[in-house]
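Single-structure report; data block below.
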Amino acid sequence: MSADESTQHEGVWEPTQLEQQRLIKLQQLRDEGVEPYPLRAGRTHTTAEALRAFAEAEAADGEKEDGQEIELTVAGRLVSIRDMGKTVFADVEDGDGRIQLFLRRAEIGDEEHRRFRKLLDLGDFVQASGIVFRTRMGEISIRVHSWELLSKALSPLPVAKEQEVDGEVVRYSAFADVEERFRQRYADLAVNPEVRDIFRTRARLVSILRRFLDEHGFLEVETPVMQPIYGGAAARPFVTHHNQLKQDLYLRISFELYLKRLLVGGLERVYEIGRDFRNEGVDATHNPEFTQLEFYAAYWDYHDVMAFTEKMIAYAAEELTGSTTISYQGHTIDLSAPWQRITLRDAIRQFVEIDYEEYPTAEGLAAAIREARGNPPAGATWGKLVDHLLGEYVEPLLIQPTFITQYPRDISPLAKRLPDDPRHVERFEYFIGAMEMGNAFTELNDPLDQLARFEEMQRLYQEDDEDAHPVDADYLQAMRYGMPPNGGFGTGIDRLAMLFTDKTSIREVLLFPHLRVRNST
RNA sequence: GGGCCAUUAGCUCAGUGGAAGAGCAGGUGACUUUUAAUCACUUGGUCGGGGGUUCGAAUCCCUCAUGGCCCA
């Protein structure tokens, strides 16, 4: 490497001592005519297929010593090398699992034997051809007669050593630094197999939900991520700008207003699975971008949505785990329908011993909270105080799946009022494992009432720009054409993924969670 | 936004005012089927950055950065 080339790496890569050693090996491989990054591989079997093929052949051959020989080629990452001298044992891992390679000097030749021992490192991708057999220790392995380097790893992976003891995998020095795991998720995935399983589970969850909705007559749609007016939730948006149109655009905070426009257009059941963006704090259950599932069904009310929700989540559990009973943070949670239903007012009366109906003003309710429990958030509206009581004192107790129903109108501008109680709307949120999982209403379809609510919200949040709801005139136009009565639903895919993978941090179920940019000073 | 805690070798960590360490990984060698292989020798450090106290700081103080947990 010339001096000029090395200066080009400045700030990008300054090889550590370990990396320099690997660079030397790389050069040596090239000097010996070995291409460290060949164009093509020649895998015939995954490791799992190799093990299965051998087990089947063994069963077919019975006790015969000279059964049929299975010749194959596997490929994967070198994750363990045990060098015994004339014999080398090495484990290769691929997407399916791992298998042991057995390399003897007498069988692969002096040169290849030396090359394997001296020029390969943990983390390199290799392929190996040979015959499957069982070692003296009883492990199904490949008696290698030839091997090839597929990709030289220049940086050492943060190695996690492991050992199987009585069927349990015991890990040693696993790559555990939370920040580094997320900053270098590729390394995390490479060395921590259970992390790969989290994302397989997440992908299956999404696929199962999609199938469930498809099978119930829902049409999957895609609506704008960049919106001229944001809405459908109380949250601050991210703002971007279209240069040519000289127009500010908002990244959506929900899909709601677009999906309901589709009901006006005659699409009776629609759903969308996609990314929402909220310009708010980052913590264990909040990431600035997160995945949401929303659906809307014409002629349903929130009772229909509740029945559908408990059926859908129980189905997802059954399909994912084979059971509607799951374990989350030490709790056994039964997701089978029907779930408990309790009104918000009753829940707060029961768990906080405050009947918020007795305190119709923000000042009065705040005083009652102060007397019963402690400090409520300063300057909160009445609706926000009710929300505070729910989040603070009720939510932590809702381990088993629970529908909390009938929310104050103040904090629900898109839901229909209860027929006999204009202060409350037909809305529910559902909770599992002490997490708020989703939100649903009998959707407001009266365009004049909707306009009044928008204006009411603007008055309520006049002094609080952060949660201001802009009036969406086009949405109101859509409603004026006539919107069928409908029930709508939104749920956080990330939180469902947390539930089904037994994680308490949203970052564990996001491949690349939001992290602060690291300051390199 | 506040409180507490953390940041030491590639990884996991010990070291709490007096000579920077261990295991694994890496290097050299030994070893005829091992499996955290083993054995011998060995390389590797801006102790997160900056400032201060002190004869002397990884250690005490201030500050900044990043992260974790809790609270708002």
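First the proteins, then the strands, lettered A, B, ... as listed; each starts at 1.
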If we count only N and O atoms by modelled type, under 3.5 Å, do the side chains of A:Ser254 and A:Asp276 hold a donor and an acceptor together?
no
Do A:Gln406 and A:Thr343 have a side chain donor and acceptor closer than 3.5 Å?
no
Whichever of A:Ser141 and A:Thr16 has the more 5' nearest nucleotide on RNA chain B, that residue is A:Thr16
To the side chain of [X], which of [options] is closest?
X	options	result
A:Asp121	B:G26, B:A37, B:U32	B:G26
A:Glu139	B:U34, B:U43, B:U66	B:U34
A:Arg104	B:U35, B:U33, B:G27	B:U33
A:Leu515	B:G67, B:U32, B:U12	B:G67
A:Gln17	B:U34, B:U66, B:U43	B:U43

Rounded to the nearest Å, what distance is computed from the [atom1] atom of residue [X] to the [atom2] atom of nucleotide [N]?
X	N	atom1	atom2	value
A:Leu18	B:G10	CG	P	7 Å
A:Arg117	B:A37	CZ	C1'	14 Å
A:Ile81	B:C24	CD1	P	16 Å
A:Gln21	B:G44	CD	C1'	9 Å
A:Leu119	B:G27	CG	P	10 Å
A:Glu14	B:G45	CD	C1'	16 Å
A:Leu122	B:G27	CG	C1'	14 Å
A:Met84	B:C31	CE	P	12 Å

It should be established whether [X] places a side-chain nitrogen or oxygen under 4.0 Å from OP1 or OP2 of nucleotide [N].
X	N	result
A:Arg507	B:G68	yes
A:Ser80	B:A37	yes
A:Lys118	B:G26	no
A:Thr87	B:U34	no
A:Arg516	B:A65	no
A:Lys25	B:G27	yes

On the side chain of [X], is there an atom forming a donor-acceptor pair with the base of [N] - under 3.5 Å, no angle test?
X	N	result
A:Arg136	B:U33	no
A:Glu179	B:U66	no
A:Gln100	B:U34	yes

Looking at [X] and [Y], does any basic side-chain N land under 4.0 Å from a carboxylate oxygen?
X	Y	value
A:Arg22	A:Glu19	no
A:Arg181	A:Glu508	yes
A:Arg134	A:Glu139	no
A:Arg278	A:Glu289	no

Which part of the nucleic acid, if any, lies within reach of [X] when heavy atoms closer than 4.0 Å are counted: base, sugar-phosphate only, or nothing?
X	value
A:Thr135	base
A:Arg22	nothing
A:Glu19	nothing
A:Gln184	nothing
A:Arg134	nothing
A:Asp83	base

In Watson-Crick or G-U wobble terms, both distances under 3.5 Å, what is the partner of [N]?
N	answer
B:A57	none
B:C69	B:G3
B:C24	B:G10
B:G44	none
B:C31	none

Same-atom distance ([atom1]) from [N] to [M], integer angstrom:
N	M	atom1	value
B:G10	B:A19	C1'	26 Å
B:G44	B:C64	C1'	29 Å
B:U42	B:G23	P	12 Å

Aromatic contact, A:Phe102 with A:Phe133 (centres under 6.0 Å)
yes
Between the side chain of A:Arg275 and the main-chain N/O of A:Phe290, is any donor-acceptor distance below 3.5 Å?
no
